[in-house]
There are 2 protein chains.
Amino acid sequence: MATKAAAPAPDSPPPGRPQATRRGPRTRQELLDAAERVVLRDGPSASMNAIATEAGITKPILYRHFGDKAGLYVALADRHIETLLARLQEALTRPATRQERTRAAIDAWLRLVEGNPALYRFLVHRGQAEEPEVRDRVAMFQRRLGNALAVGIAAELDLPEDQWPRAQAWAHGIVGMVQAAGDWWLDEQPFGREDLTRHLADLIDGAYTRA
Amino acid sequence: MATKAAAPAPDSPPPGRPQATRRGPRTRQELLDAAERVVLRDGPSASMNAIATEAGITKPILYRHFGDKAGLYVALADRHIETLLARLQEALTRPATRQERTRAAIDAWLRLVEGNPALYRFLVHRGQAEEPEVRDRVAMFQRRLGNALAVGIAAELDLPEDQWPRAQAWAHGIVGMVQAAGDWWLDEQPFGREDLTRHLADLIDGAYTRA
DNA sequence: GACAGAAGTTACCGCCGGTAACACACTAGC
DNA sequence: GCTAGTGTGTTACCGGCGGTAACTTCTGTC
């Protein structure tokens, strides 16, 4: 009974949450918007106090809404991760040639990198501090992405089941490849996005061709 | 005069440091050993107090030796990064076939991943909290690695100068690829290290072959 | 109008990174 | 032998963090 309001709704809001929009002066969405503003401005080390101030409230409300800092960050990440994953899925299953699918998926990723670097760094990169919950969430996102890509590769190459581990290794490697190349490119910007897309697609196509 | 002993030796110890071993009861090396023990046990969120206790001393001594937490972590990382980088350089310039060099470099990396996962995570992965100094150091390590690999690729393929950006994109991508695949493999362990080495080398060789 | 309950506040806790100020050893010079 | 100086170590503190308890509105309902 000591922690009466400790576990009110750490993750139930997304599914149900009918009363949040009732007469509440501040919607969960508004809080997330404010949090995103601060995190994108101050980096992932933004304090809960700063976020609360930006939202025009005080700390305990944030904690009532999101449980703890990790909960807030996870909610923040989830808003974008799902849409990004959907966009990548669409690119990967688009009815087109294999090369075009590859290029479309890489381009979708790089568009996020280029369009909102701060958001990209928050979502994908290290930077979520040591919060293990958030780390796991981001790792899970990359893992899901890799697994989806592995299925696509196995289908693409018509691999027999005993070759699936190879497809998985490739898939998770390719995810990391695009990410790392995007990081480097974001810093150096030695050429346009289209060029990087083409270079990376070339690399992957080479592997496909030889497989 | 307020901070009389604030800037005694934040980074001068590595080069000179003749008096540290004079009659000092505790060597810088011993402190780093203790710090490494704690970090590898508790993760990168280990507190300075815990490290000091492990070393049998108290906090201010740590701060006199390393300046701040980032300085300690950088010193900790540097001990291993240089040797790892040298090992990779050796594999990349070894007199052998291109395939063998590729495999040797990947294998050197994966041996570290397999042999000491905690150290690997500390060195390469996210996890150094938000300390930007340490983040930069690790990023710089990967960047150096990618640049060295880019030179190797350009030489390997005899690329004209106007094609160097492509080699760079590939190099930084490949570094991320091996790292991400290694992460995934470390968690799932669906097959032996040699298999992963072979799969990744195949992917890269395919690109080479088609280039 | 009394009441349930959500929204919001102040004020606190323990811990963290980091620092100031002081105490002890040891060696050097007279 | 005594003092001065320097490096090693300590205790005790600071501001700020994440997180919580306890209290105060404010709002709508019967």
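So you know, we letter chains A, B, ... as the sequences are listed, proteins then strands, and number each from 1.
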Give the rounded distance in Å between these two atoms: CG of A:N49 and P of D:dT20.
15 Å
Side-chain atoms of residues 49-59 of chain A: list all donor-acceptor pairs with protein atoms under 3.5 Å, sequence neighbours left out, distances to 0.1 Å.
unit_1	atom_1	unit_2	atom_2	d
A:T53	OG1	A:N49	O	2.9
A:E54	OE1	A:R41	NH2	3.1
A:E54	OE2	A:R37	NH1	2.4

Any carboxylate oxygen within less than 4.0 angstrom of a Lys/Arg side-chain nitrogen, looking at B:D202 and A:R166?
yes
Is A:D107 salt-bridged to A:R111, going by a charged N under 4.0 Å from an acidic O?
yes
Is A:R94 paired with A:E90 through a side-chain N to carboxylate O contact shorter than 4.0 Å?
yes
Whole-Å distance between C:dC16 P and B:D42 CG?
11 Å
Quick one: B:H65 NE2 to C:dG18 C1', roughly how many Å, whole number?
16 Å
Just how far, in rounded Å, is C1' of C:dA7 from CG of A:L31?
11 Å
In whole Å, I'd like the distance from the CG atom of B:L62 to the C1' atom of D:dT8.
13 Å
I'd like to know if the side chain of B:W170 reaches the main chain of A:H199, judged simply by a donor and an acceptor atom lying under 3.5 Å from each other, with no hydrogens or angles considered.
yes
Through what angle, rounded to 10 degrees, does the axis of the helix from C:dG1-D:dC30 to C:dC30-D:dG1 turn between its ends, using five pairs per end?
20°
Kindly give the atom pairs (protein nitrogen or oxygen, nucleotide nitrogen or oxygen) under 3.5 Å for nucleotides 10-16 of chain D.
unit_1	atom_1	unit_2	atom_2	d
D:dT10	OP2	B:T58	N	2.9
D:dT10	OP2	B:T58	OG1	2.3

Rounded to whole Å, please give me the gap between CZ in A:R28 and P in C:dA7.
12 Å
Interatomic distance, A:I51 CD1 vs D:dG19 P [rounded to whole Å]:
11 Å
Would you sort out whether A:F66 and A:Y73 count as a ring-ring contact (aromatic ring centres under 6.0 Å, His included), showing the intermediate values?
CA-CA 9 Å; A:F66 301 104; A:Y73 278 43; over 10 Å; no
Rounded to the nearest angstrom, tell me the gap between atom OH in A:Y63 and atom P in C:dG8.
17 Å
Pair B:R87 + B:E82: basic N to acidic O under 4.0 Å:
no
Flag, side chain of A:W185 to backbone of A:F191, donor-acceptor distance under 3.5 Å:
yes
Charged N to carboxylate O under 4.0 angstrom, A:E194 versus A:R103?
no
